[in-house]
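Quick notes on the structure that follows.
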2 protein chains.
Amino acid sequence: MLLPEPIQNLIDAFSRLPGVGPKTASRLTFYLLRAPENLAHDLAEALTNLKTGTTYCRTCYNITSAGREECEICSSPTRDASLICVVEEPLDVIALERTGGYQGRYHVLHGALSPIEGIGPEQLKMRELIGRVRSGEVREVILATNPSMEGDYTAAYLRQQLQPLGLRLTRLARGLPVGGDLEYADQGTLLRALSGRQEMSE
Amino acid sequence: MLLPEPIQNLIDAFSRLPGVGPKTASRLTFYLLRAPENLAHDLAEALTNLKTGTTYCRTCYNITSAGREECEICSSPTRDASLICVVEEPLDVIALERTGGYQGRYHVLHGALSPIEGIGPEQLKMRELIGRVRSGEVREVILATNPSMEGDYTAAYLRQQLQPLGLRLTRLARGLPVGGDLEYADQGTLLRALSGRQEMSE
């Protein structure tokens with residue numbers, strides 16, 4: 001049966017989201033059709049404002065509200081500027097902030113090195129990190145990329161780049177499940193990983 | 001940590017969808033932030049057009065394209081007008097159409113009777129069904145509400161209402177798993193349920 005075009009369009013759009021199959025997409029669509037509040041409208045508005053209302057922090061490249069030059073963390077005087085935690089994605093910052101156990105600042109790479117997918121240092125915010133470390137009084141860089149092959153490779157590459165600058169380079173403790181994804185870790189595991197961080201050896 | 005408002009708004013809106021928790025909502029939101037194509041825009045547009053682009057068929061109350069008075073099935077001369085299949089939701093029509101085994105028409109109640117939730121006959125398209133059966137040359141009504149407590153109750157109520165009109169009243173065969181949801185049934189089960197439909201007894 002041919003569905004009315006507006007319905008089919010929404011099912012198709014939902015199906016493009018990760019983890020949403022055609023069955024879930026049509027359930028969401030028909031739910032929205034009969035939803036009592038103006039949920040479809042609110043969702044459309046939030047989607048429209050998503051990119052116009054956000055920008056990247058010019059220092060750490062985390063996502064922040066449009067109009068700001070620096071994110072809340074980078075512009076906070078209470079956060080230790082001599083400690084930088086390097087992560088792959090903004091969601092990783094949220095996961096680490098949720099632990100309440102970190103008082104330094106961040107640097108978001110927006111991905112990890114992946115020769116297979118053609119992602120090299122130029123595609124990530126690596127030059128910006130190195131420039132930041134060079135210009136500032138950074139004492140330690142925590143390489144908190146995911147404990148996966150790409151994350152380990154990215155950390156190793158960054159260690160190579162940053163080692164000549166003579167600062168402390170650490171990696172989150174292997175309390176994290178290997179091959180997993182940082183943002184899924186529970187707060188206790190992340191706390192232990194933070195406190196048990198180890199010197200990076202050859 | 002306080003997220004930028006546009007991001008928090010979208011996470012909140014996604015969380016209002018059925019089956020979407022806060023974790024999934026934030027994953028979807030951050031996925032959309034870095035999605036290469038203009039997915040957020042397409043999704044917003046599809047959501048905006050959802051209600052303006054659709055309307056209800058004035059005969060069977062299934063969803064159809066805006067501007068049409070009757071849906072494709074009701075206006076098709078090849079569909080048997082003397083056979084009406086009564087379902088709870090538009091998704092049930094899609095499930096039955098997918099079987100390819102039904103050539104009659106439909107009537108969508110938009111819910112089931114539920115004294116607990118305060119849903120009575122007035123909240124559903126029941127008067128419209130009775131009027132339709134009265135005015136037309138309807139030979140048989142298949143009461144294809146869900147094989148759940150509410151669905152059975154709704155079917156029993158409709159049988160009571162329609163019996164005086166002297167037509168054949170049937171219920172889908174109990175090949176369907178009791179307590180389940182019609183739209184989840186596989187095509188084979190639905191086909192067997194259609195062909196094995198039985199007279200409604202006291």
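Just so it is clear: chains get the letters A, B, ... in the order the sequence lines come, proteins before strands, and each one is counted from 1.
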Worksheet item: Under a 4.5 Å heavy-atom cut-off, does chain A meet the side chain of B:Thr29, its backbone, both or neither?
Response: both
Practice prompt. Check whether the side chains of A:Glu137 and A:Ser82 place a donor and an acceptor atom closer than 3.5 Å, and report yes or no.
Written response: no
Practice prompt. Give a yes-or-no answer on whether the side chains of B:Thr170 and B:Glu140 include a donor-acceptor pair shorter than 3.5 Å.
Written response: yes
Worksheet item: Less than 4.0 Å between a side-chain N and a carboxylate O, is that true for A:Arg79 and A:Glu97?
Response: yes
Worksheet entry | Carboxylate-amine/guanidinium contact B:Arg34 A:Glu89, below 4.0 Å | yes
Chain A interface, residue from [options] that has the most non-hydrogen pairs under 4.5 Å:
options                            : value
B:Leu10, B:Thr48, B:Asn9, B:Thr24  : B:Leu10
B:Thr52, B:Leu33, B:Ile11, B:Asp12 : B:Leu33
B:Leu50, B:Thr64, B:Asn49          : B:Leu50
B:Leu28, B:Thr54, B:Ile63          : B:Ile63

Fill in: Closest non-hydrogen atom pair, A:Thr154 against A:Ala112
OG1-CB, 3.4 Å
Among [options], who wins on heavy-atom pairs under 4.5 Å with chain B?
options                    : value
A:Val20, A:Leu47, A:Leu17  : A:Leu47
A:Ala13, A:Gly53, A:Pro18  : A:Pro18
A:Arg68, A:Arg27, A:His110 : A:Arg27

Worksheet item: Under 4.5 Å between any side-chain heavy atoms of A:Pro115 and A:Tyr153, yes or no?
Response: yes
